[in-house]
Number of protein chains: 2
Amino acid sequence: MAREEKPKRATIHDVARVAGVSAATVSKVLRSVGSVKQENAQRVREAVAQLGYRMDPLASGLRNENRKIIGAVVPDLESPFFGALVTGLERAAEAAGYAMIVASSRESEDREADLVARMNDWRVAGTVLMPVRSERGRGAEQLRALGMQAVLVDRVTADGEFDTVTADNYAASASVAELLLSAGHRHVLLHGATQVSKSVRTRLAGFADRAAALDPSVRVDRLLSDDDTETQRRAIRDYLDGFAAGKGPTAVFSLSQYSTLLVLSELRRRGVRVPDDMALVGFDDAEWMHTTWPAITAVAQPVEAIAERAVATLLARVEAGSSAFPVQHLEPCKVIERESTLSRSVPAQSSLPGE
Amino acid sequence: MAREEKPKRATIHDVARVAGVSAATVSKVLRSVGSVKQENAQRVREAVAQLGYRMDPLASGLRNENRKIIGAVVPDLESPFFGALVTGLERAAEAAGYAMIVASSRESEDREADLVARMNDWRVAGTVLMPVRSERGRGAEQLRALGMQAVLVDRVTADGEFDTVTADNYAASASVAELLLSAGHRHVLLHGATQVSKSVRTRLAGFADRAAALDPSVRVDRLLSDDDTETQRRAIRDYLDGFAAGKGPTAVFSLSQYSTLLVLSELRRRGVRVPDDMALVGFDDAEWMHTTWPAITAVAQPVEAIAERAVATLLARVEAGSSAFPVQHLEPCKVIERESTLSRSVPAQSSLPGE
DNA sequence: AGCTGAATGTAAATCGATTCATTCGTCATG
DNA sequence: CATGACGAATGAATCGATTTACATTCAGCT
């Protein structure tokens with residue numbers, strides 16, 4: 001019940017004393033630099049084990065210019081996407097021997113700039129910034145102002161100063177266009193909820209460009225908005241009401257996870273059967289999509305690859321001091337076909353030219 | 001393109017020089033302790049502003065026994081629940097002037113113990129542990145062994161050494177029992193997926209106890225398992241197949257988020273209408289539950305309250321040095337009624353005694 | 001034996017902020 | 001006028017590890 005006295009931790013000097021060498025020697029053994037006699041090295045290792053010594057990363061970082069910490073600033077920790085991303089970053093950082101400090105900007109640009117400054121206070125080796133807005137936001141601005149090393153991830157395109165890593169939204173959306181057109185769809189609705197962000201616009205362009213290239217006669221409608229949920233629902237209803245029975249789009253490509261949810265629920269509400277009456281593809285996969293019935297076809301983002309690439313890119317600059325021109329990395333997505341695009345009754349209105 | 005030279009940061013000595021006082025005085029002004037002449041204090045503040053000085057938390061923490069950092073160890077960052085919890089913790093910690101280090105144990109007990117030790121390396125003031133298993137897991141064991149200050153959150157009951165904070169699973173489940181029974185349901189299925197954890201068992205007991213108390217004749221079936229998804233799906237089908245049409249349970253109470261998803265998808269697959277044929281209540285709310293159609297009635301956990309309570313409890317021990325007997329905090333949940341329990345056609349088989 | 005260069009070891013300085021023990025004024029009081 | 005008492009300021013020590021600059025040892029060669 002009463003807390004036992006906290007046993008004070010052994011310091012590097014304690015280890016040195018037990019091993020009968022100097023602290024400097026212990027330090028050399030621990031970070032395996034310089035040369036130490038086999039025998040002494042052994043005794044140090046024994047002393048470490050005996051005392052249960054563990055280095056204080058704080059004290060270590062103080063003297064060392066090169067602090068083994070990387071910072072991560074994320075717009076939102078409540079979404080599974082960023083949760084997974086952060087998990088991946090952590091794993092990669094740890095593998096490289098770095099600790100990671102995470103902070104959520106909670107979708108606020110002011111807070112984002114603030115957090116970047118705070119990362120600089122910690123003298124992190126580098127920062128992974130997943131911006132609220134884009135590479136032109138306040139966070140990136142702050143990074144530049146402070147002359148920090150960083151990688152920009154997810155809601156960005158290329159940048160003149162920092163490396164960037166994103167899912168290949170454009171190519172993935174083009175694949176979706178192929179998938180839907182080759183299944184015979186000739187009238188598709190593109191729906192985007194939440195912010196009309198850079199990613200969403202890229203996805204839209206990827207689909208539209210490829211669709212037009214495959215068949216110029218295909219009709220692509222767009223429904224984009226930043227309004228609140230209720231307004232968006234009404235917009236969907238109004239759109240669908242504008243078509244007589246048997247007319248209207250035969251497929252929906254929703255450009256974000258929330259958008260998929262919204263569209264699906266409106267379809268269900270009015271009794272539109274998926275996929276029989278309407279095919280559905282969503283950008284960004286989620287657990288509920290493969291568990292629900294019918295399971296939803298979705299574009300899965302390569303979260304793990306993005307995370308690994310981000311850390312690798314960052315550390316390449318930090319450690320190797322590479323100052324090459326910044327690179328934009330695009331990681332390929334995967335389209336996972338599920339029940340929502342199963343063409344049981346292919347809505348055949350026309351067939352692909354040449355197929 | 002070429003990085004500008006990183007401008008070296010001003011130290012407390014630079015500030016002292018500019019202000020024409022000693023570093024010690026600057027320190028006193030900055031942390032507002034001791035006594036400093038008004039005039040000097042003012043000049044220090046001006047120097048700080050002029051140089052854009054910011055304290056190095058690392059250097060500060062080194063000398064200070066009291067490092068303003070709290071650690072958080074979470075079993076999983078990809079689930080919105082823990083994501084929200086961590087966000088709340090971060091907010092609360094920041095409000096109290098603490099930095100927070102987050103790490104995910106990824107549902108591994110070994111890793112959990114490891115992370116706790118690592119938090120100790122950082123000499124954190126205290127740790128918020130959301131255990132993989134329970135207060136008897138490896139993480140908690142490590143906390144005890146190292147004599148650390150900590151709060152245990154979420155997958156725990158009372159503990160003899162640490163304060164604990166959880167949602168009041170028992171009471172919330174009892175409310176669900178009241179809700180369903182008073183709507184006329186007399187045959188309910190309790191379904192639990194994922195681990196048969198402490199939380200799930202508490203929820204089960206809460207429902208069963210209250211249901212029995214209200215009406216001893218009510219039938220409560222249980223379907224619990226730790227198997228893979230496909231096996232669980234089959235179990236649900238087999239269970240439902242065991243009843244003739246018009247017979248069987250009229251409501252399902254699913255004891256975890258994933259369980260809700262699973263049950264709902266099986267109901268949809270076999271064309272069981274919710275809520276007309278079957279009412280559904282899920283423990284743990286999620287975005288898709290209020291967006292989907294029909295929207296699902298769910299028990300919302302007070303994430304923000306849990307987070308605040310956890311940090312408050314921890315800091316009370318750390319700062320005030322309180323060594324009172326450990327307390328178990330139960331935060332009340334809220335049952336959010338939505339369409340999935342709307343009794344359009346109340347399945348009246350019997351009525352509540354006395355109602 | 002004497003010399004050289006490499007290998008090995010260590011005392012001390014350092015990182016940036018905090019705190020302790022002391023000094024320096026100033027003003028009140030016996 | 002001497003003696004305290006108290007407010008204010010500061011030099012130096014400290015936190016724990018790393019690194020620098022230098023000392024020592026040793027093997028190999030003339």
Side-chain angles (χ1 to χ4, degrees), chain A residues 6-45 47-48 51-69 97 99 118 120-125, chain B residues 6-45 47-48 51-69 97 99 118 120-125:
Chain A
K6 183 141 185 166
K8 32 192 168 313
R9 296 181 55 127
T11 75
I12 200 172
H13 287 100
D14 298 327
V15 175
R17 187 156 15 80
V18 171
V21 296
S22 76
T25 304
V26 176
S27 180
K28 287 206 285 189
V29 174
L30 262 39
R31 56 184 38 228
S32 40
V33 298
S35 48
V36 177
K37 217 195 308 181
Q38 266 307 316
E39 185 201 322
N40 280 352
Q42 189 52 37
R43 298 180 56 195
V44 166
R45 260 174 257 120
V48 166
L51 294 175
Y53 168 79
R54 304 186 122 229
M55 190 192 71
D56 182 339
L58 230 146
S60 164
L62 179 57
R63 179 57 157 86
N64 234 343
E65 185 50 33
N66 170 29
R67 300 187 178 176
K68 292 272 196 188
I69 311 175
R118 218 170 308 178
N120 192 233
D121 291 345
W122 283 91
R123 313 280 208 281
V124 296
Chain B
K6 183 142 183 163
K8 32 192 166 316
R9 296 181 54 125
T11 75
I12 199 171
H13 288 98
D14 299 328
V15 175
R17 186 156 19 76
V18 171
V21 296
S22 76
T25 303
V26 176
S27 179
K28 287 204 287 187
V29 174
L30 262 38
R31 58 184 40 229
S32 39
V33 298
S35 46
V36 177
K37 220 194 304 180
Q38 265 309 317
E39 184 202 326
N40 282 351
Q42 189 50 39
R43 299 180 57 193
V44 166
R45 260 174 258 120
V48 165
L51 295 174
Y53 168 77
R54 304 187 120 229
M55 190 192 72
D56 183 340
L58 231 145
S60 165
L62 179 56
R63 179 57 158 82
N64 236 342
E65 184 50 33
N66 171 29
R67 300 188 178 175
K68 293 275 200 187
I69 311 174
R118 217 170 307 176
N120 192 232
D121 291 346
W122 284 91
R123 313 278 208 283
V124 295

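Just so it is clear: chains get the letters A, B, ... in the order the sequence lines come, proteins before strands, and each one is counted from 1. In what follows, every heavy atom counts, from backbone to side chain, and hydrogens, waters and symmetry copies are set aside.
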Show each protein N/O and nucleotides 23-28 of chain C N/O combination with a separation under 3.5 Å, one pair to a line.
none

Cut-off 3.5 Å, side chains only: do Arg9(A) and Asn120(B) have a donor facing an acceptor?
yes

Roughly how far, to the nearest 0.5 Å, is CZ of Arg45(A) from OH of Tyr53(A)?
15.0 Å

Is there a side-chain contact between Val18(B) and Leu51(B) in this structure, where contact means two heavy atoms from C-beta onward sitting under 4.5 Å apart?
yes

I need the full list of side-chain hydrogen bond (donor to acceptor under 3.5 Å, both in side chains) pairs touching residues 24-33 of chain B, with sequence neighbours left out, sorted by first then second residue.
Ser22(B)-Thr25(B)

Nearest atoms (heavy-atom pairs only) where Ala59(A) meets Leu62(B)
CB-CD1, 3.7 Å

Over how many whole Å does the gap from Arg17(A) atom CZ to dA11(C) atom P extend?
13 Å

Whether Arg67(A) side chain and Gly61(A) backbone form a donor-acceptor pair below 3.5 Å:
yes

For Arg63(A), give me all partners under salt bridge (charged side-chain N to carboxylate O under 4.0 Å, His left out), at least two apart in sequence or on another chain.
none

For each nucleotide in nucleotides 14-21 of chain C, reading 5' to 3', give B when a protein heavy atom comes within less than 4.0 Å of its base, S when such contact involves only the sugar-phosphate, and - otherwise.
BBBBBB--

Report yes if the side chains of Met55(A) and Leu30(A) come closer than 4.5 Å at any heavy-atom pair, otherwise no.
no

Sorted by chain and number, sequence neighbours left out, salt bridge (charged side-chain N to carboxylate O under 4.0 Å, His left out) with Arg43(A) holds for none

Axis-to-axis angle across the helix from dA1(C)-dT30(D) to dG30(C)-dC1(D), five pairs each end, nearest 10 degrees, ~ 70°

Answer yes or no: is there a donor N or O on one side and an acceptor on the other, between the side chain of Arg17(A) and the main chain of Val15(A), under 3.5 Å?
no

For dG7(D) and Ser35(B) - does any side-chain N or O of the residue sit under 4.0 Å from the phosphate oxygens OP1/OP2?
no

